[in-house]
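Just so you know, ligand 1 is whichever comes first in the structure, and atom 1 is the first atom listed for that ligand. Worth knowing before you read on, the calculation uses all heavy atoms, side chains too, and leaves out hydrogens, waters and symmetry mates.
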Amino acid sequence: MRLEGKTALITGGGTGIGLEIAKTYAREGAFVYITGRRENRLQEAVEAIGNNAAYVQADVSVKEDMIRTAEKIRAERGSVDIVICNAGVGNYVSLTDVTEKEFDRVMHTNVLGSYFTVQACLPIMNEGSAIILNTSVTASLGLKDFSLYIAAKSAEKSFIHTWTNELRDRRIRVNAIAPGIIPTEAAGKELGRSEEEEIERRAYRATLIPAGRVGHVSDIANAAVYLGSDESSYVNGIELLVDGGLAAIYPVKL
Ligand SMILES: NC(=O)c1ccc[n+]([C@@H]2O[C@H](COP(=O)([O-])OP(=O)(O)OC[C@H]3O[C@@H](n4cnc5c(N)ncnc54)[C@H](OP(=O)(O)O)[C@@H]3O)[C@@H](O)[C@H]2O)c1
């Protein structure tokens with residue numbers, strides 16, 4: 001019970017990495033709030049997590065939605081100890097093909113979303129609480145056709161430094177987890193590949209990663225428990241790569 005008595009907000013917690021973090025946090029004794037746009041997925045997720053969970057249907061790119069989320073947490077729990085900015089979207093699009101609409105979708109979800117999630121939660125965050133950003137190993141790589149997503153994740157990465165300084169007087173820690181390749185429902189679908197293509201690509205990539213496998217959502221959830229718990233009370237302002245060693249040996253052909 002490494003998170004006993006803590007309250008956590010996990011944006012995008014209805015699926016994938018966010019859902020696994022939410023399940024693991026609840027098992028470790030935290031009460032978790034998850035957010036997302038699809039209410040049916042949030043309902044299913046809360047049922048899967050169990051007693052210590054609630055959801056708020058909220059679009060992370062809409063500031064009022066995040067203020068409403070923080071108000072609900074304040075009314076029900078009084079405060080929040082861990083804020084995990086996990087909701088995110090990405091897409092492979094070439095520099096020449098990125099439209100204004102796609103630019104806004106990716107930037108608004110990842111960058112504006114994390115920014116206003118934290119801004120909305122600051123009034124209810126306890127001294128010594130933790131912010132965890134979900135960045136990406138790709139923010140350290142020069143992947144072709146991924147400039148928009150990498151720009152968004154790089155902007156989120158910059159918050160580690162600026163917010164660590166800005167929130168120092170409140171002893172709020174700001175860290176990030178940079179996942180490597182974690183097969184989730186969206187990772188294949190959103191990038192427009194068939195299930196077969198995704199499995200083949202995953203098997204190939206596993207051979208390139210020093211750990212010998214692609215990641216699992218639990219790899220990220222375990223890191224999130226550490227960064228959210230008091231075990232990491234002296235860890236502040238870092239990006240923890242959870243990528244099986246991929247970035248260390250880059251460039252490899254992905
Ligand atoms: N999987 C990987 O290999 C990998 C690697 C590096 C980083 N990441 C990062 O990990 C995070 C989670 O990704 P995932 O792989 O777990 O994919 P996922 O299952 O698609 O998770 C994304 C979640 O974000 C929510 N979301 C998207 N847009 C939103 C919005 N405007 N408002 C509120 N919620 C929104 C989605 O729910 P709704 O659609 O219902 O809103 C969904 O639950 C993302 O930030 C991603 O960039 C993933």
Output the list of atoms in ligand 1 that are nearer than 4.0 Å to some heavy atom of [X], sorted by atom number.
X: Thr15; result: 18 (P), 19 (O), 21 (O), 23 (C), 42 (C), 43 (O)
X: Tyr149; result: 6 (C), 7 (C), 8 (N), 9 (C), 46 (C), 47 (O)
X: Gly16; result: 16 (O), 19 (O)
X: Gly12; result: 23 (C), 24 (O), 25 (C), 43 (O)
X: Thr135; result: 6 (C), 7 (C)
X: Ala58; result: 32 (N), 33 (C)

Specify side chain, backbone, both or neither for [X], according to which of its non-hydrogen atoms lie closer than 4.0 Å to ligand 1.
X: Lys153; result: side chain
X: Thr184; result: side chain
X: Thr109; result: side chain

With the threshold set at under 4.0 angstrom, would you say Asp59 reaches ligand 1 through any of its heavy atoms?
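Checking ligand 1 against Asp59, which is what was asked, there is a heavy-atom contact under 4.0 Å.
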Could you tell me whether ligand 1 has any atom less than 4.0 Å away from a heavy atom of Gly180?
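Yes, Gly180 has heavy atoms under 4.0 Å from ligand 1.
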Matching residue for Thr11 among Val83, Ile84, Val60 - test: side-chain contact (heavy atoms from CB on, under 4.5 Å)
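Exactly one pass, corresponding to Val60.
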Under 3.5 Å, is there a donor-acceptor pair linking the side chains of Arg173 and Ser232?
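Short answer, yes.
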So, Glu156 versus Ser114: side-chain donor-acceptor pair below 3.5 Å or not?
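Their side chains do contain a donor-acceptor pair, which is all the 3.5 Å distance test asks for.
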Geometric class of the Tyr92/Phe146 ring pair [parallel <30°, tilted 30-60°, perpendicular >60°]
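Rings of Phe146 and Tyr92: parallel, as their planes differ by under 30°.
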Identify the two heavy atoms, one from Pro183 and one from Gly215, that lie closest to each other, and give their separation to 0.1 Å.
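Residues Pro183 and Gly215, closest heavy atoms: CD-O, 3.2 Å.
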Which atom of Val118 lies closest to which atom of Cys85, heavy atoms considered
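So the minimum-distance heavy-atom pair works out to CG2-SG, 3.7 Å.
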For ligand 1 and [X], I'd like to know whether there is a polar contact (N/O to N/O, distance under 3.5 Å).
X: Gly13; result: no
X: Asn110; result: no
X: Asn86; result: yes
X: Ser61; result: no
X: Ser136; result: no
X: Gly36; result: no

Lys/Arg N to Asp/Glu carboxylate O, Arg201 vs Glu197, below 4.0 Å
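Glu197 and Arg201: not salt-bridged.
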Salt bridge or not for Lys6 and Asp230, using N-O below 4.0 Å?
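Yes, this pair counts.
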On a heavy-atom basis, I'd like to know which of Thr117, Val60, Leu112, Leu133 is closest to atom 33 (C) of ligand 1.
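When every heavy atom of Thr117, Val60, Leu112, Leu133 is considered, Val60 comes closest to atom 33 (C) of ligand 1.
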Out of Ile17, Leu19, Ile181, indicate the one that has the non-hydrogen atom closest to atom 13 (O) of ligand 1.
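That would be Ile17.
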Looking at residues at least two apart in the chain, or sitting in another chain, which of them share a side chain to side chain contact (heavy atoms under 4.5 Å, CB included) with Asp104?
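Result, side chain to side chain contact (heavy atoms under 4.5 Å, CB included) vs Asp104: His108.
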Check for me, please, whether Tyr55 and Ile17 land in the same ILVMFWY cluster - side-chain distances under 4.5 Å, paths through other members count.
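In one cluster: yes.
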Are the side chain of Gln57 and the backbone N or O of Arg37 linked by a donor-acceptor pair below 3.5 Å?
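Yes, the answer is positive, given that a donor and an acceptor are paired below the 3.5 Å cut-off.
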Taking ring pair (Phe, Tyr, Trp, His ring centres under 6.0 Å) as the definition, give me every residue that meets it alongside Tyr33, ordered by chain and number, with sequence neighbours left out.
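Result, ring pair (Phe, Tyr, Trp, His ring centres under 6.0 Å) vs Tyr33: Phe31.
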